[in-house]
S.K.: 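One structure, as structure tokens, below. Some questions next.
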Amino acid sequence: MPESILPLSFYSDYDTRTLAEKLLGCELVHESPDGITSGIIVETEAYLSDDPACHAYNRRTTRTEPMYGVAGTSYVYLIYGMYECFNVVSNKEGIGEAVLIRALQPVQGIEIMEMRRQLIPGRSAEKLRTKPLKLSDLCKGPGNLARAMGIQRSVHNNTLLNTKTLYIKERAVQNLDVATSKRIGINVGVDLLYRFYIKDSIFASKL
DNA sequence: AAATCGATTGCT
DNA sequence: GCAATCGATTTG
């Protein structure tokens with residue numbers, strides 16, 4: 001069977017909300033120096049150019065410039081000074097839309113993910129986790145996901161997702177039961193149903 | 001130049 | 001409920 005890395009055309013074939021839904025069930029893969037880690041995408045959020053919650057809404061700045069790139073570009077940003085969030089840029093070059101990847105069902109490199117999640121950000125230095133993390137919490141939430149996957153702004157921001165290092169593989173299963181909801185953690189555009197998740201997945205960050 | 005804020009997380 | 005932490009953005 002052929003390698004199933006999504007081509008860049010996949011990211012421009014759909015509007016951003018459709019892409020957010022289509023990415024569910026696909027496998028995000030990072031082939032890092034530490035080893036390969038991957039997981040099935042179970043939760044996403046769409047951010048549109050006419051949407052006040054979107055970083056690129058009426059703003060084309062240093063930070064948001066990757067969002068204006070070609071579909072299939074990565075946008076990794078720092079949030080609250082300590083977590084990174086991974087997005088896939090969508091729509092046409094110059095528009096400024098993206099899909100936030102919010103949670104994964106871990107597949108490959110689970111031990112590597114557990115190692116990466118050992119240090120707890122925000123505590124006084126060298127603070128380590130005492131209790132073991134549940135598998136269902138490893139890649140739950142955008143900050144935890146990026147951390148577990150070893151995705152860093154300094155390395156992966158504004159790169160194309162068709163490389164052999166960081167990419168997404170096509171959905172292996174059909175007929176996913178997809179649910180929609182309001183997005184999490186925003187203060188504007190709060191009523192838009194732009195969050196998508198696999199119904200009943202224990203790996204999604206919230207019901 | 002200084003203040004403000006955040007698409008989060010984990011502990012109290 | 002709220003502190004941690006920092007770069008991008010705004011001038012609060």
S.K.: Is any side-chain heavy atom of L19(A) closer than 4.5 Å to a side-chain heavy atom of F196(A)?
M.R.: no

S.K.: For K164(A), enumerate each residue passing the side chain to side chain contact (heavy atoms under 4.5 Å, CB included) test, keeping only those at least two apart in sequence or located in another chain.
M.R.: E31(A), Y167(A)

S.K.: For the backbone of R153(A) and the side chain of E84(A), can you confirm whether one donor and one acceptor N or O come within less than 3.5 Å of each other?
M.R.: yes

S.K.: Using a heavy-atom cut-off of under 4.0 Å over every strand shown, decide if R147(A) touches base, sugar-phosphate, or nothing.
M.R.: nothing

S.K.: Relative to the 5' end of DNA chain C, which residue comes earlier, M82(A) or R153(A), by the nucleotide with the nearest heavy atom?
M.R.: M82(A)

S.K.: So, R17(A) side chain and L193(A) main chain: donor-acceptor pair closer than 3.5 Å or not?
M.R.: no

S.K.: Mind checking the P distance from dA4(C) to dA8(C)? Whole angstroms is fine.
M.R.: 23 Å

S.K.: Mapping N87(A) and R129(A) onto DNA chain B by nearest heavy atom, which one lands closer to the 5' end?
M.R.: N87(A)

S.K.: Salt-bridge test for R116(A) and D34(A): reply yes if a basic N is under 4.0 Å from a carboxylate O, no otherwise.
M.R.: yes

S.K.: In a check of side-chain hydrogen bond (donor to acceptor under 3.5 Å, both in side chains) between S38(A) and each of E27(A), Q105(A), K169(A), which one passes?
M.R.: E27(A)

S.K.: Any side-chain heavy atom of N158(A) sitting closer than 4.5 Å to one from Y75(A)?
M.R.: no

S.K.: How long is the line joining CD1 of I120(A) and P of dA3(C), in whole Å?
M.R.: 19 Å

S.K.: What parts of residues 186-207 of chain A reach DNA chain B, counting only heavy atoms under 4.0 Å away?
M.R.: I186(A), N187(A)

S.K.: Would H55(A) and Y77(A) count as a close aromatic pair, with their ring centres under 6.0 Å?
M.R.: yes

S.K.: Say you pick atom C1' in dG7(C) and the same atom in dG10(B); how far apart are they, in whole Å?
M.R.: 22 Å

S.K.: Sequence neighbours left out, what pairs pass side chain to side chain donor-acceptor pair (under 3.5 Å) with at least one residue falling in residues 180-189 of chain A?
M.R.: D51(A)-R183(A), S181(A)-R195(A), K182(A)-D191(A)

S.K.: Could you check whether R63(A) gets within reach of a base, just the sugar-phosphate, or nothing at all, counting any heavy atom under 4.0 Å?
M.R.: sugar-phosphate

S.K.: Do C85(A) and L100(A) come within less than 4.5 Å of each other through their side chains, counting heavy atoms only?
M.R.: yes

S.K.: How long is the line joining OH of Y83(A) and C1' of dA3(C), in whole Å?
M.R.: 11 Å

S.K.: Heavy-atom contacts under 4.0 Å between residues 89-118 of chain A and DNA chain B, which residues?
M.R.: L100(A), R102(A), R117(A)

S.K.: Side chains of F10(A) and K22(A): does their closest heavy-atom pair fall under 4.5 Å?
M.R.: yes

S.K.: Would you find a donor on one side and an acceptor on the other, under 3.5 Å apart, between the side chain of E45(A) and the backbone of I184(A)?
M.R.: yes

S.K.: I'd like to know if the side chain of S74(A) reaches the main chain of H156(A), judged simply by a donor and an acceptor atom lying under 3.5 Å from each other, with no hydrogens or angles considered.
M.R.: yes

S.K.: When the P atoms of dA3(C) and dT4(B) are considered, how many whole Å apart are they?
M.R.: 16 Å

S.K.: Using atom P of each nucleotide, how far apart are dT5(C) and dG1(C) to the nearest Å?
M.R.: 23 Å

S.K.: Starting at the 5' end of DNA chain B, what dot-bracket string do you get if Watson-Crick and G-U pairs under 3.5 Å are bracketed, crossing pairs use [ ], other-strand pairs use | and unpaired bases use dots?
M.R.: ||||||.||||.

S.K.: Reading DNA chain B in the 5' to 3' direction, which nucleotide is the first one with an atom under 4.0 Å from a heavy atom of chain A, and which is the last?
M.R.: dG6(B) to dC11(B)

S.K.: For residues S90(A) and E97(A), is any side-chain donor paired with an opposing acceptor at under 3.5 Å?
M.R.: no

